[in-house]
Amino acid sequence: MAELRSVLIANRGEIALRIIRACKELGMRSVLVYSEADALSLPVKFADKAVCIGPAKVNASYRNAQAVVSAALAYGVDAIHPGYGFLSENADFAALCEQEGVGFVGPAADVIRSMGDKIEAKKIARRAGVPTVPGSEGAIAEYREALAVASEVGYPLLIKAAAGGGGRGMRVVETAATLEKDLAEIMSEAEVAFGDPSVYIERYLTDIRHIEIQVISDGSTVLHLGERDCTAQRRNQKLVEEAPSPVLDAELRQGLADAAIALCREVGYKNAGTVEFVFDNIERTYYFIEMNTRIQVEHPVSEMVSGIDLIKLQLQIAGGLPLSLTQDDVLIRGHAIECRINAEDPDNNFAPNPGTIANFRPPGGFGIRMDTHIESGYVIPPFYDSMIGKLICWGADRDEAIARTLRALDDLVVDGIITTASLQKRIVDSPEFRSGDFNTAFVTELLSATPPVLS
Ligand code: ADP
Ligand code: ADP
Ligand code: MG
């Protein structure tokens, strides 16, 4: 394939805008598909061409593979960028693109399929010599099997849906007393949520960090852009991400990168991807948990410390260009922190908080990047993810990145709705975060602690 001349963006919100901007800089024509609910959105205004493909409901628009491919064919684009969420990890969609002769900005359909099945992905990881969390070898079909695995891995254990994602499809089992009931419930939940009841069991690790490796491959050269530390989570969903991780030494960092690259080689990975690990704070060892075969929400953290534009690389690779970088060209400099700003009320159990943004004033100054689709007067539709933007701050070192993040959160004005920014300020300002010594339970513990008295 020759270099892409035009790209269809099958997404919305900040990531649609992010991709449109990359297209503009590369001289590629951008065609955006959008739902009726997004007609007034910034990406619609910014794209060279915007096409409404259906009503607000995602299955009728952003998840409607046929509608997206039809638009791609009608507008003669060279490739489709799926962003994250929606169709980005849908192997059938990637196969449909292939069948219709439209490029797909991502790996081959069969790679998406095998990595999208977390059980299969763990098998591949083991084959590639990558350590995985102790647990079942494959799917657990019935209670007796679960019991046998439980006697080996011990309690608490975690039942995970093979098709789970977005922090959903996981259940902690504290004791044998509830194993049978939990297994049945999580299987039927997985069936309803993901259309696949397959589940597996992992040891539930309690003092861990989430550390992931950003990879980029043109199909022959596989490079990594170092790690992101996404330990600040609530309900297995990321709230604050940073790079580099405050806990890794050079040897562990190299081990993680080598493991990620070995996995990519094993499956013939092409395009951008993220290999996710949990890191055991006590043992100081890491275990593979899953691979996301797409661009990730928190990719700007890696961009800020490497100076490399991942979306542009994705588009160039999809157009058939080989990577013009080598691993030695990837230099990590300074520290970056991202806050995912959600329209949710942290004081009201994170209830989604759609509505009209009366006034928006983004933070600015040295080292600040705000990736967002909101503007003053924007009405947040209630149908989609509650993330309204990402604030990414770079500093020469971690302390400066923290100070800058706190300053930028103070600058930020989003009037008219409640956001998670106040919680992110608490997280980043806490002694635990500042010390770098915390685990995935930290945010929940912070939330259950008495809020600080404001003077
Ligand atoms: P990231 O690390 O990029 O944040 P997430 O797993 O949080 O990865 O997913 C990114 C986006 O995709 C979020 O908007 C999330 O809600 C959505 N998402 C991911 N997997 C699923 C899934 N299986 N079902 C529904 N939404 C998903
Ligand atoms: P998703 O597809 O929803 O992103 P992951 O498998 O990546 O699911 O897990 C999401 C989060 O759940 C991890 O970042 C980690 O905090 C937690 N988690 C996953 N596996 C385990 C485990 N075996 N023990 C403890 N926590 C885990
Ligand atoms: Mg994950």
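Order of appearance sets the numbers: ligands from 1, and atoms from 1 within every ligand.
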At less than 2.8 Å, would any N/O/S atom of Glu212, backbone or side chain, sit next to the Mg ion (ligand 3)?
no
Show, in sequence, the C-alpha distance, side-chain angles and deciding distance for Phe433 and Phe438, and conclude whether the ring pair (Phe, Tyr, Trp, His ring centres under 6.0 Å) test is met.
CA-CA 7 Å; Phe433 189 89; Phe438 56 101; 5.4 Å; yes
Is there a polar contact, in the sense of an N or O pair closer than 3.5 Å, between Gly166 and ligand 2?
yes
Side chains of Gln316 and Leu4: does their closest heavy-atom pair fall under 4.5 Å?
no
Considering Asn236, Val278, Asn439, Val133 one by one, which has a heavy atom nearer to atom 11 (C) of ligand 2 than any of the others?
Asn236
Just so I know, are the side chains of Tyr62 and Asn11 near enough to count as touching, which here means a heavy-atom distance under 4.5 Å?
no
At a 4.0 Å threshold, what atoms of ligand 2 neighbour a non-hydrogen atom of Thr440?
16 (O)
Answer yes or no: does an N/O atom from Ile208 fall short of 3.5 Å to an N/O atom of ligand 2?
no
Give a yes/no on ligand 2: does Lys118 have at least one heavy atom closer than 4.0 angstrom to it?
yes
Ligand 2 atoms in contact with Gly167 (distance to a heavy atom under 4.0 Å):
1 (P), 3 (O)
Geometric cation-pi criterion Arg294 and Phe104, 6.0 Å radius, 45° cone
no
Could you pull out, from Arg209, Met170, Glu202, the option with a heavy atom nearest to atom 10 (C) of ligand 2?
Met170
Row for the Mg ion (ligand 3): angle OE2 (Glu290) to OE1 (Glu276), 10° precision, value 90°
Going by the atom numbers of ligand 2, which of them fall below 4.0 Å from some non-hydrogen atom of Lys160?
6 (O), 19 (C), 20 (N)
Could you check whether any side-chain heavy atom of Ile388 comes within less than 4.5 Å of a side-chain heavy atom of Asn342, counting everything from C-beta outward?
no
Test your reading of the structure: does Leu205 have an N or O sitting under 3.5 Å from an N or O of ligand 2?
yes
Among Arg228, Gln296, Lys390, Arg340, find the residue that satisfies the side-chain hydrogen bond (donor to acceptor under 3.5 Å, both in side chains) test when tested with Glu241.
Arg340
Arg284 charged N/C atom sitting above Phe279 aromatic ring, 6.0 Å / 45°:
no
Measure from the side-chain N and O atoms of Asn348 to the backbone N and O of Ala351, and report whether any donor-acceptor pair falls under 3.5 Å.
no
Taking every heavy atom of Ile261 against every heavy atom of Leu223, the minimum-distance pair comes out as CD1-C, 4.4 Å
For ligand 2, note which part of Arg203 has a heavy atom under 4.0 Å away: side chain, backbone, both or neither.
backbone
Report yes if the side chains of Thr440 and Arg209 come closer than 4.5 Å at any heavy-atom pair, otherwise no.
no
Contact atoms of ligand 2, heavy-atom distance to His210 under 4.0 Å:
13 (C), 14 (O)
List ligand 2 atoms under 4.0 Å from Tyr204, heavy atoms only on the residue side.
24 (N), 25 (C), 26 (N)
Go through ligand 2 atom by atom and flag the ones less than 4.0 Å from a non-hydrogen atom of Gly164.
2 (O)
